[in-house]
Amino acid sequence: MIVVDKDAMKAAGADAFVMFIHWGEEYSTKVNSAQKDIAQKLCDLGIHVIVGSHPHVLQTMDLLTSAADETHQTLVLYSMGNFLSNQRANNISLTPGESEDSLLLSFTLVKYSDGTLVLEDAQIQPTWVL
């Protein structure tokens, strides 16, 4: 069950909702249906950015639109790979490079005077673990 108490977070001063989530199948570069379903539900709940980990390899990014509010979108990075790891491909039977790849994600959220919050920019910087 996913519980997001946005009202309590807003009362505490939150303007944006960014979630870091541990999900997906280890060493799979493909996003699975559970990840997609959870991401869409989180988008529908109003989360702005989702950053995933656990697969230890890169997975795709997506920009979802909420079914509850067509003006709301969520940036999803399903897996950011291995930022710091000794999981070498030759030790875990992966294609060379898959477990050594990672990325840094930066994004800009802008809050307008009417209270609207918009994802204005997102950039990735590829990295590689030696």
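The structure displayed is predicted, hence computed values, not measured ones. If you read the sequence from its start, that first residue is 1, and numbering goes on from there.
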Asker: Show me the donor-acceptor pairs, under 3.5 Å and distance only, between side chains in residues 109-116 and residues at least two apart or in other chains.
Answerer:
{"unit_1": "Lys111", "atom_1": "NZ", "unit_2": "Asp15", "atom_2": "OD1", "d": "2.9"}
{"unit_1": "Asp114", "atom_1": "OD1", "unit_2": "Thr116", "atom_2": "N", "d": "2.9"}
{"unit_1": "Asp114", "atom_1": "OD1", "unit_2": "Thr116", "atom_2": "OG1", "d": "2.8"}
{"unit_1": "Asp114", "atom_1": "OD2", "unit_2": "Thr116", "atom_2": "OG1", "d": "3.1"}

Asker: Out of curiosity, does Leu104 fall in the hydrophobic cluster containing Val51 (side-chain heavy atoms, cut-off under 4.5 Å, transitive links)?
Answerer: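 No, Val51 and Leu104 fall in different hydrophobic clusters.
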
Asker: Same cluster or not: are Met19 and Trp23 linked, directly or through other Ile, Leu, Val, Met, Phe, Trp or Tyr residues, by side-chain heavy atoms under 4.5 angstrom apart?
Answerer: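 Yes: a chain of side-chain contacts under 4.5 Å links Met19 to Trp23.
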
Asker: Can you list the residues that meet the side-chain contact (heavy atoms from CB on, under 4.5 Å) rule with His72, with sequence neighbours excluded?
Answerer: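 If we apply the side-chain contact (heavy atoms from CB on, under 4.5 Å) test to His72, skipping adjacent residues, the hits are Cys43, His48, Ser66, Asp69, Thr74.
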
Asker: Could you state the interatomic distance from CD1 (Ile38) to CD1 (Ile50), rounded to the nearest 0.5 Å?
Answerer: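 Nearest 0.5 Å value for the CD1-CD1 distance: 9.5 Å.
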
Asker: When rounded to the nearest 0.5 angstrom, what is the spacing between CE in Met61 and OH in Tyr78?
Answerer: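 Going from CE on Met61 over to OH on Tyr78, the span is 10.5 Å.
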
Asker: Atom CD1 in Ile124, atom CZ in Phe107: separation rounded to 0.5 Å?
Answerer: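 With rounding to 0.5 Å, CD1 (Ile124) is 14.0 Å from CZ (Phe107).
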
Asker: For a quick test of reading the model, state the closest non-hydrogen atom pair linking Ser28 to Pro55 and the distance between them.
Answerer: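 Here Ser28 and Pro55 meet closest at O-CB, 4.0 Å.
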
Asker: Determine which pairs satisfy salt bridge (Lys or Arg N to Asp or Glu O under 4.0 Å) with at least one residue from residues 118-130, sequence neighbours left out, and list them in order.
Answerer: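 Non-adjacent pairs meeting salt bridge (Lys or Arg N to Asp or Glu O under 4.0 Å): zero.
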
Asker: Flag yes if Val31 and Leu64 sit in one hydrophobic cluster, no otherwise; membership is Ile, Leu, Val, Met, Phe, Trp, Tyr, and two members link when side-chain heavy atoms are under 4.5 Å apart.
Answerer: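 Linked within one cluster.
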
Asker: Please list, chain by chain and in numerical order, all residues satisfying side-chain contact (heavy atoms from CB on, under 4.5 Å) with Leu58, sequence neighbours excluded.
Answerer: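 side-chain contact (heavy atoms from CB on, under 4.5 Å) list for Leu58, sorted by chain: Asp101, Leu103.
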
Asker: In a check of side chain to side chain contact (heavy atoms under 4.5 Å, CB included) between Val49 and each of Leu77, Val18, Val76, which one passes?
Answerer: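 Exactly one pass, corresponding to Val18.
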
Asker: Would you say Leu45 ends up clustered with Leu75 if hydrophobic residues are merged whenever their side chains have heavy atoms under 4.5 Å apart, either directly or through other cluster members?
Answerer: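 Different hydrophobic clusters.
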
Asker: Side chain to side chain contact (heavy atoms under 4.5 Å, CB included), that's the test. Do Asp5 and Asp7 meet it? Break it down for me.
Answerer: CA-CA 6 Å; Asp5 191 346; Asp7 292 334; 3.9 Å; yes

Asker: How long is the straight-line distance from CG of Leu42 back to CZ of Phe17, given to the nearest 0.5 Å?
Answerer: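 One finds 12.0 Å between CZ of Phe17 and CG of Leu42.
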
Asker: So, Ser102 side chain and Met80 main chain: donor-acceptor pair closer than 3.5 Å or not?
Answerer: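 Indeed, once roles are kept as given, a pair shorter than 3.5 Å links the two residues.
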
Asker: Just by distance, with hydrogens left out, do Gln59 and Gln35 show a side-chain donor and acceptor under 3.5 Å apart?
Answerer: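 Yes - a donor-acceptor pair under 3.5 Å links their side chains.
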
Asker: Only counting residues at least two apart or in another chain, list the ones meeting side-chain contact (heavy atoms from CB on, under 4.5 Å) with Ala67.
Answerer: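 So Ala67 forms a side-chain contact (heavy atoms from CB on, under 4.5 Å) with Asp44.
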
Asker: Please identify each residue that fulfils side-chain hydrogen bond (donor to acceptor under 3.5 Å, both in side chains) with Ser106, with sequence neighbours left out.
Answerer: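 Checked Ser106 against side-chain hydrogen bond (donor to acceptor under 3.5 Å, both in side chains); zero matches.
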
Asker: Could you grab the distance from atom NZ of Lys30 to atom OG1 of Thr60, nearest 0.5 Å is fine?
Answerer: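 Here the interatomic distance stands at 10.5 Å.
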
Asker: Enter the distance from Gln123:CD to Leu105:CG here, rounded to the nearest 0.5 Å.
Answerer: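 That separation rounds to 9.5 Å.
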
